[in-house]
Amino acid sequence: MTTNKLEELLKKHFKFDTFKSQLQEEAIIQISKRDDDVLVSMPTGSGKSLCYQLPALLHSDKVTLVFSPLLALIKDQIDHLTALKIKAASLNSKTLAAERAAILTDLKTNSPTTRLLYVTPEQAATQTFKDLFSNIVKRDRVAYIVVDEAHCVSEWGHDFRPDYLKLGVLRDGNKVPVIALTATAGAEVIKDIVGSLRLSSTYKTFRTSCFRRNLFYDVYYQNLLDSPYEHLKAFIKNCLNSQDDLLSKENKPCGIIYCRTREQTEVVAFKLCEMGIKSLCYHAGLKHKERLEYQESWQKGDYPVICATISFGMGVDKASVRFVVHWGVPKDPASFYQESGRAGRDGRASKCRIYYNRTDRRAIEFHLAHDLAKAKHKESRKVKAQNAIKAFTKMVEYCETAKECRHRLFSNHFGEPPPDCRNRCDICRNRKEVEERAHNFLMKCIQFSETSTTVDVDFSDLYEGGRKGIADNYKAYCDDDGSNSSCNSFEMEQKAKKQSTDLIKKQFALRKNSQDVSNDTINQLFSKRARVIAASATSNKVNGLTLPTREQYLSKLVEVIAENYAECCKNPEFDEKDLTECAADLEYSCFTATTTVTVYRSHCAKIISAVKNKTQEKELYSSLASYVPKPPKNETLSDLFRNIKKQQMASSSSSTTSSDTDESSGAKFEGFKSAKQLLAGPPKNLPKGQTTVTSFFKRASEEEDAGGETPPYDRPNNLKSLFGDESEPERTPKATEEPMAMTPNEPEEVPDSDFTSFKIKSSAPESVTFERGELNNEYKNPDLPVASVAREEAKRKVEEDDSVQAEKKHKMSDSEIDAIIMNKRRDKKSNEKPAPKMKKTEVGLLVVKLLTPAYAERRFDSRDTFKTTARNISHALLHKDEAEIKQFVKKFLRNNQKITAGTTV
């Protein structure tokens with residue numbers, strides 16, 4: 001294959017006039033021959049992908065298999081080839097069934113149209129791919145086996161992608177040439193690649209120098225900066241300040257900020273957005289669709305900065321990256337070289353910076369030590385963990401000292417001669433300034449923690465040499481074997497302190513156990529008066545479930561059941577106790593069907609939601625429709641009262657149905673207005689002739705005299721006469737005895753069921769009930785001006801009413817007018833509904849709803865501040881109505897444009 005032929009294909013398919021470098025051209029020529037395996041080691045952005053993509057087009061009847069580690073990398077490569085009208089496809093876990101079937105059908109033909117097939121290492125381990133590979137190799141339809149990012153077999157190995165190590169089995173039984181490509185190929189890495197992929201002994205290597213002159217490296221320390229985020233903002237603006245305004249949005253300068261954790265990516269992106277720099281976060285915690293969307297937004301230029309973990313960027317081809325920041329220390333020189341190498345792919349000057357801090361360093365050291373402890377029984381993993389610790393130590397030395405050029409970190413790692421830096425790092429540009437900055441950093445860190453690196457620190461200025469001086473004196477004073485009596489006494493003192501500490505812990509444990517016992521005793525006492533069924537077995541049946549929790553759920557069930565019954569029952573027959581027992585049965589069904597607290601809560605919540613839905617649909621809940629009240633075991637006086645009230649409810653509903661409801665005309669029974677009215681029983685203002693509890697105890701005669709008046713009877717004197725005991729004769733009026741007439745000023749007090757009111761019997765045909773306090777306070781003196789005016793007004797209206805005049809043959813007395821006025825006032829008072837009070841949960845939901853727009857506008861500095869503010873406002877407005885709450889929150893947001901942890905409510 002001649003150079004002219006390759007350049008012709010290069011221009012036709014990839015729109016390039018010449019190759020990027022002489023080494024790239026030589027590698028492509030060697031690969032095109034298909035004589036031997038090839039290892040290509042080039043820096044990021046030097047054109048490694050073209051080394052196998054161009055030769056793949058030379059074989060029109062064969063397909064090139066490319067094994068790539070990341071779906072994002074595969075998508076980027078396929079999109080690039082599709083734009084160039086080169087047919088490429090992928091087999092991975094996200095490939096749809098129809099697309100997979102089409103790919104397999106095409107590859108099984110004699111002349112497949114797919115030039116490049118990208119496969120993940122996990123897909124290569126499936127039986128479907130193994131059968132496909134065997135088929136196309138047998139028919140000689142494979143041009144090359146390409147392993148992209150080949151350093152994965154060495155750098156991450158078992159911990160990253162175990163199936164990467166199994167790609168060597170593809171060499172069995174065939175002579176298809178293997179192309180391995182990587183950007184981080186040190187001596188040990190190359191050795192692992194050759195061994196894992198089973199490259200032939202005569203494989204060809206193409207390597208370039210790791211030194212990239214267009215990249216500038218420096219290090220800054222976060223604890224020396226007054227405001228690290230402001231410093232980062234200034235650095236970003238300096239890098240993104242482009243003089244070329246004619247650049248398209250995709251080609252405008254951009255940058256990457258690598259963070260150690262997912263939380264750091266979100267925090268840094270949020271801070272930059274607050275300061276006016278559009279930023280996105282990218283990490284494995286996001287959904288697959290979100291990651292792709294954020295990556296495309298960054299590549300299109302919609303967002304110039306992306307804050308990401310190390311999972312981002314592998315193989316992402318964007319030439320206009322002007323800076324790469326590491327917000328913390330990288331884990332090893334190889335990954336640092338690859339991640340920072342994503343800047344300046346177009347050859348223009350770019351910057352690579354580390355914002356170093358000891359917190360990230362200690363976190364990584366902890367994980368490395370943990371990995372080493374886990375690998376102590378496996379020699380291979382132990383060696384790997386030790387190598388990781390050595391590599392990280394180099395990075396710590398790179399950040400905390402200013403000994404040599406920054407670029408020498410990479411040349412030493414890859415076994416190359418020292419580079420000709422020429423001021424392409426902060427040390428070579430101004431060594432003295434960098435050394436002073438590193439010294440200040442170390443001095444500031446000493447007062448917090450000891451350094452793990454070897455640093456000569458002078459403790460002579462500290463009192464007695466500081467902790468180190470005291471330790472040295474103690475060591476010198478003691479003998480080598482520790483036999484000195486003073487040392488032994490010191491050890492005995494420490495042992496005594498330990499014994500005292502253990503004793504205190506033991507006493508606290510005993511107190512805790514005794515407290516638990518007392519709590520159990522309290523629960524047993526409360527279980528005797530609990531409303532739930534099987535209260536004493538609560539903690540035994542469901543571990544962690546408490547009796548108060550069950551009572552709370554029962555109260556909520558009673559509430560929703562009562563609401564449903566009041567709204568949907570046409571003929572109410574149940575009272576409060578019946579509804580409570582029905583709710584207790586529902587709660588008990590949840591209690592017996594579960595063994596965990598979570599499932600119990602879930603079952604109760606489902607029932608509550610179902611009852612509420614039925615109430616909204618105006619349908620009676622099934623358990624209420626089929627519920628049969630339980631007969632009392634031993635009927636008591638309270639049970640007797642319950643039966644009487646239930647009879648009143650039944651008679652009230654039946655009279656209302658017969659008089660006010662006409663089913664043929666479509667009228668509906670409205671029932672009681674709320675559950676509270678239902679549980680309270682029938683209304684006080686009963687129609688004329690309605691039976692009351694008081695009238696039950698009055699032994700009225702069933703026979704009326706000829707004049708239509710009911711003779712009065714004496715009240716019962718004791719409990720036996722109350723229930724009609726035959727032992728005490730019943731008093732009957734004499735035939736000659738006249739009914740006693742009562743004057744308005746001499747009322748007869750008749751006990752009522754609750755003994756809070758009495759009736760006044762007058763010559764008027766109706767009896768009017770007065771509240772005791774109202775009569776004594778307001779109408780005791782009928783000569784009061786207000787009472788006189790009201791009496792005259794009422795008298796005028798009564799006299800104008802012909803029907804009343806017909807009924808009342810005599811002139812109305814003052815007491816009768818007072819009664820009419822009192823009834824009107826009481827009716828007006830009963831019709832006035834109090835302002836609805838919001839529940840605690842409703843207040844909280846309303847406050848969160850009102851604060852959410854401000855949270856979406858990023859006016860809260862954190863999520864915790866939003867929660868704390870909402871909680872404080874909710875507690876402060878518990879007894880306020882909806883209008884007051886809205887007004888308060890509106891005023892609070894108007895007075896506080898920025899809400900921080902110190903903002904007062």
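By the side chain to side chain contact (heavy atoms under 4.5 Å, CB included) test, Lys612 is found to be paired with Lys556, Val560, Ile608, residues two or more places apart in sequence or in another chain being considered. For Glu617, the side chain to side chain contact (heavy atoms under 4.5 Å, CB included) partners are Lys614, Glu619, not counting sequence neighbours. Shown here are the salt bridge (charged side-chain N to carboxylate O under 4.0 Å, His left out) partners of Lys618, two or more places apart in sequence or in another chain: Glu567. Legend: residues meeting ring-ring contact (aromatic ring centres under 6.0 Å, His included) with Tyr294, ordered by chain and number and at least two apart, are absent. Every ring-ring contact (aromatic ring centres under 6.0 Å, His included) that Tyr627 has, sequence neighbours left out, goes to Phe574.
Using a 4.5 Å heavy-atom threshold, the side chains of Val532 and Phe591 count as separate. Between Ser555 and Arg531 there is a side-chain heavy-atom pair separated by less than 4.5 Å. The shortest side-chain heavy-atom distance between Ile885 and Leu850 falls under the 4.5 Å cut-off. Side-chain contact check for Tyr855 versus Ile899: every heavy-atom pair is 4.5 Å or farther apart. Taking 4.5 Å as the limit, every side-chain heavy atom of Asp585 sits out of range of all side-chain heavy atoms of Ser623. Side-chain contact between Thr865 and Thr900: absent, with no pair of heavy atoms (C-beta onward) separated by less than 4.5 Å. Side-chain contact between Leu620 and Tyr565 is present, with at least one heavy-atom pair separated by less than 4.5 Å. Thr595 is not listed as a side-chain neighbour of Val599, based on a closest heavy-atom distance of 4.5 Å or more.
Ion pairing between a basic and an acidic side chain is recognised when a charged N comes within 4.0 Å of a carboxylate O; Glu266 and Arg262 show no such pairing.
Between the side chain of Ser609 and the backbone N or O of Ala605 there is no donor-acceptor pair closer than 3.5 Å. Between the Glu884 side chain and the Asp881 main chain, a donor and an acceptor come within less than 3.5 Å of each other. Distance alone, capped at 3.5 Å, is enough to place a donor-acceptor pair between the Ser874 side chain and the Ala870 backbone. Of the possible polar contacts, one joining the Lys541 side chain to the Thr594 backbone as a donor-acceptor pair under 3.5 Å is found.
Closest of all the heavy-atom pairs between Ile607 and Leu586 is CD1-O, 4.1 Å. Nearest approach of Leu877 to Val843, heavy atoms of both residues: O-CG1, 3.9 Å. The two residues Leu624 and Cys582 come nearest to each other via the heavy atoms CD2-SG, 4.0 Å. Shown here for Ala534 and Tyr588, the closest heavy-atom pair between the two residues is CB-CE1, 3.9 Å.
Between the side chains of Arg550 and Thr538, at least one donor N or O lies within less than 3.5 Å of an accepting N or O.
Each salt bridge (charged side-chain N to carboxylate O under 4.0 Å, His left out) pair with one or both residues in residues 589-603, not counting sequence neighbours, would appear here, but there are none.
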